[in-house]
Number of protein chains: 2
Amino acid sequence: MTKTAGANAVDERLFLQSVARALDVLEAFAQSPRPKSLGEIAAATGINKSAAQRIGQTLLARGYLERADSGGLTLGRKLLDRSFDYLRSNPLIERATPVLMELRKLAGERIDLSLFDDTSTIYAIRLQSKRETFYATLPGRRIPSFLSSGGRSCMAHMADEAVDDLLMRSNRRALTPKSRTELPQIWEKVREARAEGYSWAAEEALIGEVVLAAAVLDSDRQPIGAVHIAGSLSEWSIPDFRRRFSPLAIEAARALSV
Amino acid sequence: MTKTAGANAVDERLFLQSVARALDVLEAFAQSPRPKSLGEIAAATGINKSAAQRIGQTLLARGYLERADSGGLTLGRKLLDRSFDYLRSNPLIERATPVLMELRKLAGERIDLSLFDDTSTIYAIRLQSKRETFYATLPGRRIPSFLSSGGRSCMAHMADEAVDDLLMRSNRRALTPKSRTELPQIWEKVREARAEGYSWAAEEALIGEVVLAAAVLDSDRQPIGAVHIAGSLSEWSIPDFRRRFSPLAIEAARALSV
DNA sequence: ACGATCGTATCGTGCGCCAATACCTGCTCG
DNA sequence: CGAGCAGGTATTGGCGCACGATACGATCGT
């Protein structure tokens, strides 16, 4: 449970305990999304049963929790509304959508837009390819920045110290046997991304998958996200894939920058 | 702002005011997703500036709000995590994903999975078609049940009185000139859906679009969602579209039921 | 029949939140 | 140039909301 410390710290006296607890309850489902009883919620969040009851009832009344068939509580549909509002509110996503649709038509492969969020990277928009058979590539998924091509392409636009700092704070756990977890290996990819203008990764997050990504920059030239193109190694060699799609990703990312 | 009244009412004494207010703040962005100042938030939610400040700081610290460039507050990326958790937690979505992917490969048109939520219908999964050019079809979008093919296909599985009740509670505002807003017109479509096993709608939500949908039922034979297939009227005549895709939608919905 | 665990309900107390207020800063006016 | 406004930030005393212990009936599995 990273506390999002430092970046946006807040005066303790302005911090609402009950609101934070309510968020704790919702976040408790991140670890295991199964329905939970009041007792489980209390245990998972470290609050007592009474508080869990009150928070549960409140979130239930508002639709952020729902009764499960089992009698327990599950996450509620209202959460989708809030994430919809977020997607609408983000100007990058608004202007990215048509560009990404066009890109997918052109490339014919899966296109993702990821948002750079420090040590992790969030897939915000996912446009499946025609022959996609991989399991649930849901929007909202987070991937560690250090092993995603999108994260590395963003790091390529950061100062060396900032990259080092990010990598030090990352929990560098491998997702596949091919995941690069050692600092020199990752730095090598970051430098490559700086030279080439994009980054690529083969089977570092998912076996059989090759991805390349180019960073999207804001008006201060800071990376805010990346455009990904993902394909299957059963259909492409890595050199062919890079040669064919890297110009497309770079061009799309450039169009979305600033 | 429907209050989700009745369905899950709650003892007032267990209702946490500050949690509800925090949710009010997040929901305030639904009306207009632009960044808001503390004053705007206070005005939009009916709380005073002090409370808005405290709630804002708390949600900011947790990542559910972020500072906008302008200095105001916007929705935060953390909202995407919660909606991701919801999607993972919903068993229908889990088992639907591979089926829908297969369906899209087969149909070649846009596929949606919607969740039936009383007077409105939420698009939970959206698989774009190759030639999709329509503007941003984001997941989490809500459409009134009465004019969506998915909503009507769900109504077809409800008792007459329940349908009447739902329609009476709906705000039957047209989205396009072709939207059916009068009760007899809607009932006609519901009866048609009962007879055919699916429902269709042409240009009732979006000009140039034809959609058909079949309901997904739970173990109690209650409708919980629908499988949609959407195409463009520039490519299909309505009879051709119905003839070709209705069996696919019905079959997929049946596979997902129970 | 039983203990365990579920959700629900009650209640007195304490402290966490309330709202008013003041402060500082950067605007945009006249 | 200074008044005026709206922005975010910080402080405070007092009230009332939320706290947590506790108890209740229902439903399980044994």
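By convention in this document, chain letters (A, B, ...) are assigned in the order of the sequence lines, proteins followed by strands, and residues within each chain are numbered from 1.
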Under 3.5 Å donor-acceptor, Ser83(A) side chain and Leu80(B) backbone: no

Any side-chain donor near an acceptor of the partner, Trp187(A) and Asp164(A), under 3.5 Å: yes

Ring-face cation contact, Tyr123(A) with Arg126(A), 6.0 Å cut, 45° max: yes

dG29(D): pairing nucleotide in any strand, Watson-Crick or G-U under 3.5 angstrom: none

Basic-acidic side-chain contact under 4.0 Å: Arg88(B), Glu94(B): no

Sugar-phosphate, base or nothing in reach of Ser18(B), heavy atoms under 4.0 Å: sugar-phosphate

Rounded distance (Å) that lies between atom P of dG7(D) and atom NZ of Lys36(B): 13 Å

Nearest-nucleotide 5' precedence on DNA chain C, Ser50(B) against Gly72(A): Gly72(A)

Distance-minimising heavy-atom pair for Gly151(A) and Thr121(A): CA-OG1, 3.8 Å

Integer-rounded Å distance: dG7(C) P and Leu65(A) CG: 12 Å

Distance below 4.0 Å between Gln57(A) side-chain N/O and dG7(C) OP1 or OP2: no

Residue-level proximity of residues 37-49 of chain B to DNA chain D when a heavy atom falls under 4.0 Å: Ser37(B), Leu38(B), Lys49(B)

Pairing nucleotide - dG14(D), Watson-Crick or G-U, each distance under 3.5 Å: dC17(C)

Selection from dT8(C), dT9(D), dC19(D) that lies nearest to any side-chain heavy atom of Arg67(A): dT8(C)

Presence of Arg21(B) side-chain N/O under 4.0 Å of dA19(C) phosphate oxygens OP1/OP2: yes

Atom of Pro144(A), atom of Leu175(A) and distance for their closest heavy-atom approach: CD-CD1, 4.4 Å

Rounded interatomic separation in angstrom, taking CD1 from Ile55(A) and C1' from dC17(D): 14 Å

Shortest side-chain distance from Gln17(B), nucleotide among dA19(C), dA9(C), dC17(D): dC17(D)

Nucleotide dA10(D), atom C1' - distance to CZ of Phe15(A) in whole Å: 18 Å

Nucleotide nearest Gln53(B) when distance is taken to its side chain, options dA19(C), dA10(D), dT22(D): dA10(D)

Protein-nucleotide distance (Leu16(B), atom CG; dA18(D), atom P), rounded to Å: 5 Å

Carboxylate-amine/guanidinium proximity below 4.0 Å for Lys78(B) and Glu27(A): yes

